[in-house]
Amino acid sequence: NLNFLNFKKILIFNEDYINYLNNFSLKNKKIFVYTRSNTKNKINNFNWIYTFSGTKDKKLSSKLLKYLLILKKLNKLNKISFKGHPYWKYEDVGKDFLKILSKNYIKYQFIKNFENIDYMSYYGVITSPSTILLESSFNNPAIKLIGIKQNKNLTSGCLFEFYKIINKKIIWEPNINNLRKYLLKKK
């Protein structure tokens, strides 16, 4: 119940939350949408970014490889950028995994963990449930989002609500057919 707070304005960072807020009676409250993105910029590449907090989980890396190979087959992959978590200690991407990428002619690069991500220069994001999905869609509403489910709980309550709201903008556990359809959709 949001009515117990004494406020007149609500500032949200994603248009999809308007639908969520419609579930509440917000009499005399004004809702403003704040976005940093410039949707006039067209992405002219198929560069993807993979964010990780550091795990050598073989299931996770095999899913990532599967999605990269599908993207390559669909001609929707130029390069994958890896970025570690800026605050947590993490393990590097394994050398064996990088050898597999090279063997499959998949170009890659690393972004320093303390550098900001310029989401307007990426076609898509691949990640496990994290705030990156929210951050990337805020900075670039047209960005493609591939989510990798893990065996653990999905995420915090607030992010879970966000995922429910924008479920159509994130593709979870794709195969070649539904990923092809998803990449053709315009947002």
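One is the number of the first residue; the rest follow in order along the sequence. Only a predicted model underlies this, so the values are computations on that prediction, with no experimental measurement involved.
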Can you tell me how far the [atom1] atom of [X] sits from the [atom2] atom of [Y], to the nearest 0.5 Å?
{"X": "Leu64", "Y": "Ile148", "atom1": "CG", "atom2": "CD1", "value": "5.0 Å"}
{"X": "Ser128", "Y": "Lys63", "atom1": "OG", "atom2": "NZ", "value": "8.5 Å"}
{"X": "Ile70", "Y": "Leu183", "atom1": "CD1", "atom2": "CG", "value": "10.0 Å"}
{"X": "Trp48", "Y": "Thr127", "atom1": "CH2", "atom2": "OG1", "value": "12.0 Å"}

A side-chain contact here means heavy atoms from C-beta on lying under 4.5 Å apart; do [X] and [Y] qualify?
{"X": "Tyr182", "Y": "Lys144", "answer": "yes"}
{"X": "Ile146", "Y": "Pro174", "answer": "yes"}
{"X": "Asn47", "Y": "Leu77", "answer": "no"}
{"X": "Tyr50", "Y": "Ile111", "answer": "no"}
{"X": "Gln109", "Y": "Phe82", "answer": "no"}
{"X": "Tyr123", "Y": "Asn78", "answer": "no"}

Counting distance only, does the side-chain N/O of Asn45 pair as donor-acceptor with the main-chain N or O of Ser121 below 3.5 Å?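 Confirmed, Asn45 side chain pairs with Ser121 backbone.
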Taking side chain to side chain contact (heavy atoms under 4.5 Å, CB included) as the definition, give me every residue that meets it alongside [X], ordered by chain and number, with sequence neighbours left out.
{"X": "Glu135", "answer": "Tyr119, Ile132, Asn139"}
{"X": "Asn44", "answer": "Lys42"}
{"X": "Lys107", "answer": "Lys79"}

Which heavy atom of [X] sits nearest a heavy atom of [Y], and at what distance?
{"X": "Ile170", "Y": "Gly147", "value": "CG2-N, 4.0 Å"}
{"X": "Lys169", "Y": "Leu145", "value": "O-CB, 3.8 Å"}
{"X": "Ile143", "Y": "Gly124", "value": "CG1-CA, 3.7 Å"}

Strictly by side-chain hydrogen bond (donor to acceptor under 3.5 Å, both in side chains), give each pair with a member in residues 67-76 just once, sequence neighbours left out.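 Non-adjacent pairs meeting side-chain hydrogen bond (donor to acceptor under 3.5 Å, both in side chains): Tyr67-Glu173.
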Just to verify, what does Tyr122 make a side chain to side chain donor-acceptor pair (under 3.5 Å) with, not counting sequence neighbours?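 Once residues adjacent in sequence are excluded, the partners of Tyr122 under the side chain to side chain donor-acceptor pair (under 3.5 Å) criterion are Ser81.
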Report, one line per pair, each donor and acceptor closer than 3.5 Å where one atom sits in a side chain of residues 97-105; sequence neighbours left out.
from, atom 1, to, atom 2, distance (Å)
Ser102, OG, Leu98, O, 3.2
Asn104, ND2, Ile100, O, 2.9

Between Lys9 and Phe32, is the side chain to side chain contact (heavy atoms under 4.5 Å, CB included) condition met? List the steps. CA-CA 7 Å; Lys9 298 177 186 175; Phe32 297 94; 3.8 Å; yes
Yes or no on side chain to side chain contact (heavy atoms under 4.5 Å, CB included) for Leu69 and Ile106, after CA distance, side-chain angles and deciding distance? CA-CA 8 Å; Leu69 291 173; Ile106 296 175; 4.0 Å; yes
Determine, stepwise, if the pair Ile126 / Leu71 fulfils side chain to side chain contact (heavy atoms under 4.5 Å, CB included). CA-CA 11 Å; Ile126 303 172; Leu71 290 168; 4.1 Å; yes
